[in-house]
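For the numbers below, each heavy atom of this structure counts, side chains included, while hydrogens, waters and symmetry mates do not. Here the structure is a predicted model, which means the values were calculated and not measured.
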Amino acid sequence: MGILIRLILLIVGYCFGLIQTAFIIGKIKHIDIRNYGSGNSGTTNAMRVMGKKVGFITYFADALKATIPLIVFYFLATYVWKFEDSLVMVYMLYLGFGVIIGHNFPFYMNFKGGKGIAATSGLMLGLGVINPLFVIVGLLSFFIPLIITKYVSLSSICLCIGFLVQVVIYANIGTIPTEGHVVEIYILSAIIAIVAVLRHYSNIKRLLSGTERKIGQKKIEESASNNDSENK
């Protein structure tokens with residue numbers, strides 16, 4: 001039964017992840033976000049291609065598509081179904097991971113989606129109902145590197161690796177429920193962090209070579225088509 005619940009939560013999460021905000025807004029504007037900028041349908045590319053307003057809308061929508069189902073599930077699992085606390089933690093990770101996978105690999109976009117950072121931050125926000133430090137430390141782990149380096153990609157990687165570090169620390173000091181499921185929680189958290197790092201492989205190469213763009217830095221190469229300005 002437990003395996004079936006885990007599978008159902010992955011599928012439900014994947015379905016929520018299929019809500020591709022940047023792709024949908026782009027279609028409204030007669031733009032296929034996959035043909036512009038980095039080709040990703042995430043916050044950063046949406047902001048660069050369609051402007052800051054669309055970028056912010058994309059981030060909050062992509063984060064909330066993880067946060068809302070997680071919080072709803074938490075209250076149902078805790079107060080209606082009355083699952084044990086550590087099992088609720090495990091199930092929330094499966095649900096959140098499903099959202100991330102759906103965002104990164106949407107089947108109707110030939111599995112070419114975003115990099116899952118907004119969805120991951122949404123997962124951390126959802127887990128805030130268990131431990132608010134997920135939200136506070138998550139904000140710090142993203143914005144401190146961003147302020148210092150001005151690299152969104154590096155800050156995104158720090159956010160996701162920081163999530164794994166948080167899980168390990170909180171599990172060891174007893175501020176998240178892990179009884180009987182600690183190994184599974186570690187594995188799921190590690191997979192989430194690894195997926196984020198792998199999705200930033202090209203960014204990591206550019207960071208190492210010194211060619212990664214910083215916030216506000218003018219783009220050197222433009223992959224948009226000739227009618228880019230018309231579409232905007």
Task: Phe75 and Tyr79 aromatic ring geometry - parallel, tilted or perpendicular at 30°/60° bounds - done: parallel
Task: Distance-minimising heavy-atom pair for Ala46 and Ile33 - done: CA-CD1, 4.2 Å
Task: Stepwise side chain to side chain contact (heavy atoms under 4.5 Å, CB included) test for Ile117 and His200 - done: CA-CA 10 Å; Ile117 302 306; His200 284 81; 3.5 Å; yes
TODO: Check Ala119 against Ala66 and note the closest heavy-atom contact, atom names and distance.
DONE: O-CB, 3.5 Å
Task: Residue Glu179 excluded, over 12 heavy atoms near CD under 6.0 Å - done: no
- [ ] Please report the shortest heavy-atom distance between Val129 and Gly126, naming the atom on each side.
- [x] CG2-O, 3.1 Å
Open item on the list: I'd like to know if the side chain of Arg6 and the backbone of Gly2 have a donor-acceptor N/O pair within less than 3.5 Å.
Closed with: yes
Task: Approximate separation, where rounding is to 0.5 Å, of Tyr91 OH and Leu10 CG - done: 11.5 Å
TODO: Heavy atoms only: give me the nearest Leu188-Leu93 pair and the separation to one decimal.
DONE: CD1-CB, 3.8 Å
- [ ] Any chance you could lay out the side chain to side chain contact (heavy atoms under 4.5 Å, CB included) test for Val137 and Phe163, step after step, and finish with the verdict?
- [x] CA-CA 9 Å; Val137 178; Phe163 168 68; over 6 Å; no
Task: Check against side chain to side chain contact (heavy atoms under 4.5 Å, CB included), Met89 and Thr178 - done: CA-CA 7 Å; Met89 177 76 187; Thr178 60; 5.6 Å; no
Open item on the list: In the structure I gave you, are the side-chain heavy atoms of Leu164 and Ile192 within less than 4.5 Å of one another anywhere?
Closed with: no
Task: Side-chain heavy-atom pair Leu207, Ser153 within 4.5 angstrom cut-off - done: yes
Task: More than 12 heavy atoms from other groups under 6.0 Å of OH on Tyr201 - done: no
Open item on the list: I need the Thr120 OG1 to Lys115 NZ distance, nearest 0.5 Å.
Closed with: 13.0 Å
- [ ] State whether the number of non-hydrogen atoms from other residues, nucleotides or ligands found under 6.0 Å of Tyr14 atom OH is greater than 12.
- [x] yes
TODO: Ignoring hydrogens and angles, state whether a donor on the side chain of Ser41 or Gln20 is under 3.5 Å from an acceptor on the partner side chain.
DONE: yes
Open item on the list: How long is the straight-line distance from CZ of Phe56 back to CE of Met47, given to the nearest 0.5 Å?
Closed with: 4.5 Å
Task: Main-chain N/O of Gly122 paired to Thr67 side chain as donor or acceptor, under 3.5 Å - done: yes
Task: Side chain to side chain, Met124 and Gln166, heavy atoms closer than 4.5 Å - done: yes
TODO: Report whether Tyr186 and Ile176 are members of the same hydrophobic cluster (ILVMFWY, side-chain heavy atoms less than 4.5 Å apart, transitive linking).
DONE: yes
Open item on the list: Looking at Lys150 and Glu212, is any side-chain nitrogen of the basic one under 4.0 Å from a carboxylate oxygen of the acidic one?
Closed with: no
Task: Short side-chain donor-acceptor distance under 3.5 Å, Lys65 and His103 - done: yes
Open item on the list: Grouping I, L, V, M, F, W and Y whenever their side-chain heavy atoms are under 4.5 Å apart, do Leu7 and Leu87 come out in a common cluster?
Closed with: no
Task: Donor-acceptor pair, side chain of Tyr94 and main chain of Ile5, under 3.5 angstrom - done: no
Open item on the list: Is the shortest side-chain heavy-atom distance between Leu125 and Ser121 below 4.5 Å?
Closed with: no
Open item on the list: Would you say that Ile185 contacts Val182 through its side chain, given a criterion of any heavy-atom pair below 4.5 Å between the two side chains?
Closed with: no
- [ ] Answer with yes or no whether the side chains of Asn104 and Lys112 bring together a donor and an acceptor at under 3.5 Å.
- [x] no
Task: Exercise: identify the closest heavy-atom pair between Asn172 and Val168 - done: ND2-O, 2.7 Å
Task: Cation-pi geometry met for Lys214 and Tyr151 (6.0 Å, 45°) - done: yes
TODO: Test Leu123 against Val99 for side chain to side chain contact (heavy atoms under 4.5 Å, CB included), laying out the working first.
DONE: CA-CA 9 Å; Leu123 165 61; Val99 177; over 6 Å; no
Task: Donor-acceptor under 3.5 Å (His30 side chain, Gly26 main chain) - done: no
Task: Backbone N/O of Thr43 and side chain of Thr58: donor-acceptor pair under 3.5 Å - done: no
- [ ] Mark yes when over 12 heavy atoms from residues, nucleotides or ligands other than Ile3 sit less than 6.0 Å from its CD1; otherwise mark no.
- [x] no
Open item on the list: Below 30° counts as parallel, above 60° as perpendicular, anything between as tilted: where do the rings of Tyr170 and Phe134 land?
Closed with: perpendicular
Open item on the list: Taking Asn40's backbone N and O only, do any of them form a donor-acceptor pair with Asn45's side chain (distance below 3.5 Å, no angle check)?
Closed with: yes
Open item on the list: Is it the case that over 12 heavy atoms from other parts of the model lie below 6.0 angstrom from the CG atom of Asp32?
Closed with: yes
Task: Close side-chain approach of Leu208 to Lys205, heavy-atom, < 4.5 Å - done: no
- [ ] First locate atom CD1 of Ile187, then atom CD1 of Ile194, and finally report the distance between them rounded to the nearest 0.5 Å.
- [x] 10.5 Å
Open item on the list: Would you say Phe143 ends up clustered with Leu159 if hydrophobic residues are merged whenever their side chains have heavy atoms under 4.5 Å apart, either directly or through other cluster members?
Closed with: yes
Open item on the list: With heavy-atom distances below 4.5 Å as the criterion, would you say the side chains of Cys160 and Val197 are in contact?
Closed with: no
Open item on the list: Quick check for you: to the nearest 0.5 Å, what is the distance between Ile147 atom CD1 and Phe142 atom CZ?
Closed with: 10.0 Å
Task: Straight-line distance of Thr78 OG1 to Asp85 CG, nearest 0.5 Å - done: 6.5 Å
Open item on the list: I want to check something: taking the side chain as every heavy atom from C-beta on, are Leu18 and Phe107 in contact at a cut-off of under 4.5 Å?
Closed with: yes
